[in-house]
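Data block below; observations after.
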Amino acid sequence: MVECTWEGALFVEAEANCSMEEISGITKPDPSNIGKLVHDIPGVKHILHMPLLVAQVTKFKCGGFAVWAWCVNHGMVDGIAAMEFVNSWGEVARGLPVSVPPFLDRSILKARDPPQIQYQHLEFAEIEDKSSTNGLYEEGQIHGSFCFDPVKLNQLKMKAMQDGVLESCTAFEALSPFVWIARTKALKMLPQQKTKLLFAVDGRHKFNPPLPKGYFGNGIVLTNFVCEAGELSKKPFSFAVRLIQVAINMVTDSYMRSAIDYFEVTRAKPSLACTLLITTWSRLSFHTTDFGWGEPVLSGPVSLPEKEVILFLSHGNERKDINVLLGLPAPAMKVFQGMMQI
């Protein structure tokens, strides 16, 4: 919940001594480059210190400008709520009524009394780093962006179903294990090393009853699967795809209520050791935000929050391509890059 103190949001005006074309991140986000253009908020060392909302407008010498970092506290909202907020902001700027009014009552997702933890919730499980993967990052990391157009995505789906084990497969269900396997191999995880895949599922329509339209909060839940690195490397591709499907189907009303109660009791946060956390922005319509000057050239993150995070971004004129953005140690990135060739 938010106690309104009428302090307002932090607003930053900035000017850049370069044109938009000079920034490599215009077509492919480069956190190490773009991050230099973002105002650093002093004293922020923890999410509890993060302002609820920060907005920065940057003017470039070419005449272009960017709402170049708007930052929102993730404890308040998920990506869908954030997207609806930004698009509503654009509607207000254009003198239009807000098409999706926010639903602000967060008590509808409060924990049960008494709590009822019905599942294991391995998304919070600690995994021993037997492969010493953390040590690989000590010399830093580089970022890479890999584009998958509809042709490549269809090839991955065909690869997933070629042995006849699966009846169907979505682009996300094929792409997620593909990058999970490649990253596991690039980091040279030991065969017996347990590795965890985490990704968010929108629970708005999976709750019973569904969350109200415009729910302004976190309506997502992290689902997961844990297996050994050797299984990912040696078993057919359909095995890993099936793990994704099981993890998605695991998200039900009872599972999400159990997760809420688990957090209420433990105050735990997901462990990211030997973990890949996939964040999907490919279905978020930030690219439609219009403040009165048309749609943006690019929308995307300034940086990745953790080294274990991989981001899926929609790309292309018809938004049917998916850009995979991640950071890896330089030697691992070279291996990963080679494995992205389909």
Side-chain angles (χ1 to χ4, degrees), residues 74 78-80 109 117-127 148 153 156-157 159-161 163 165-185 187 189 193-208 210-211 218-263 266 268-284 305-306 308-313 322 324 326:
H74 212 330
D78 56 21
I80 293 174
L109 289 186
I117 302 173
Q118 301 165 293
Y119 298 84
Q120 284 186 295
H121 297 293
L122 295 178
E123 62 268 33
F124 298 96
E126 293 281 350
I127 295 178
F148 290 81
L153 292 172
L156 281 179
K157 290 161 65 175
K159 179 181 178 182
M161 295 188 292
D163 59 5
V165 174
L166 305 175
E167 294 182 359
S168 62
C169 175
T170 67
F172 176 81
E173 291 167 354
L175 183 58
S176 298
F178 182 71
V179 298
W180 186 22
I181 293 169
R183 182 178 180 272
T184 299
K185 291 181 177 179
L187 292 175
M189 290 188 184
Q193 174 68 62
K194 288 187 177 180
T195 176
K196 177 169 55 180
L197 179 70
L198 284 176
F199 58 92
V201 174
D202 179 20
R204 282 166 166 73
H205 299 290
K206 293 179 179 289
F207 280 105
N208 186 19
L211 296 185
N218 281 284
I220 59 172
V221 64
L222 284 177
T223 187
N224 70 95
F225 215 100
V226 178
C227 71
E228 292 187 351
E231 291 183 289
L232 287 179
S233 301
K234 296 178 182 179
K235 291 193 175 182
F237 185 51
S238 59
F239 167 78
V241 176
R242 182 58 184 156
L243 296 185
I244 304 293
Q245 294 178 337
V246 170
I248 293 173
N249 293 332
M250 185 168 61
V251 179
T252 61
D253 178 80
S254 62
Y255 180 84
M256 293 186 290
R257 300 287 180 186
S258 177
I260 293 171
D261 293 352
Y262 182 94
F263 183 76
T266 66
K269 67 176 184 179
S271 169
L272 295 182
C274 298
T275 295
L276 172 62
L277 172 56
I278 295 177
T279 298
T280 305
W281 282 24
S282 55
R283 296 183 180 180
L284 300 182
E306 301 287 349
E308 295 86 0
V309 174
I310 283 184
L311 186 67
F312 289 177
L313 288 168
I322 296 179
V324 176
L326 79 159

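Nothing fancy with the numbering, it's 1 onward along the sequence. Note that the structure is a prediction, hence the values are computed from the model and not measured.
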Atom [atom1] in [X], atom [atom2] in [Y]: separation rounded to 0.5 Å?
X	Y	atom1	atom2	value
S258	Q120	OG	CD	10.5 Å
K235	I181	NZ	CD1	12.0 Å
L311	T279	CG	OG1	6.0 Å

Under a 4.5 Å cut-off applied to non-hydrogen side-chain atoms, are [X] and [Y] in contact?
X	Y	answer
T252	Y119	yes
I248	E173	yes
I310	W180	no
I80	D202	yes
T280	F199	no
D78	R204	yes
L211	H205	no

I117 backbone acceptor or donor facing D261 side chain under 3.5 Å: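 Between the backbone of I117 and the side chain of D261 there is no qualifying donor-acceptor contact (under 3.5 Å).
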Shortest non-hydrogen separation from [X] to [Y] and the atoms involved:
X	Y	answer
A229	T184	CB-CG2, 3.6 Å
I322	L175	CG2-CD2, 3.8 Å
A240	P177	CB-CB, 3.6 Å

Without placing hydrogens or testing angles, list every side-chain donor-acceptor pair under 3.5 Å for residues 221-228, not counting sequence neighbours.
| from | atom 1 | to | atom 2 | distance (Å) |
| --- | --- | --- | --- | --- |
| T223 | OG1 | A247 | O | 2.7 |
| N224 | ND2 | E123 | OE1 | 3.1 |

From I127, L276, L122, residue fulfilling side chain to side chain contact (heavy atoms under 4.5 Å, CB included) relative to K196: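 One option only clears the test, and that one is I127.
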Test side chain to side chain contact (heavy atoms under 4.5 Å, CB included) applied to N218 and H74, step by step: CA-CA 8 Å; N218 281 284; H74 212 330; 3.7 Å; yes
E308 versus T275, side-chain donor and acceptor atoms under 3.5 Å: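 No.
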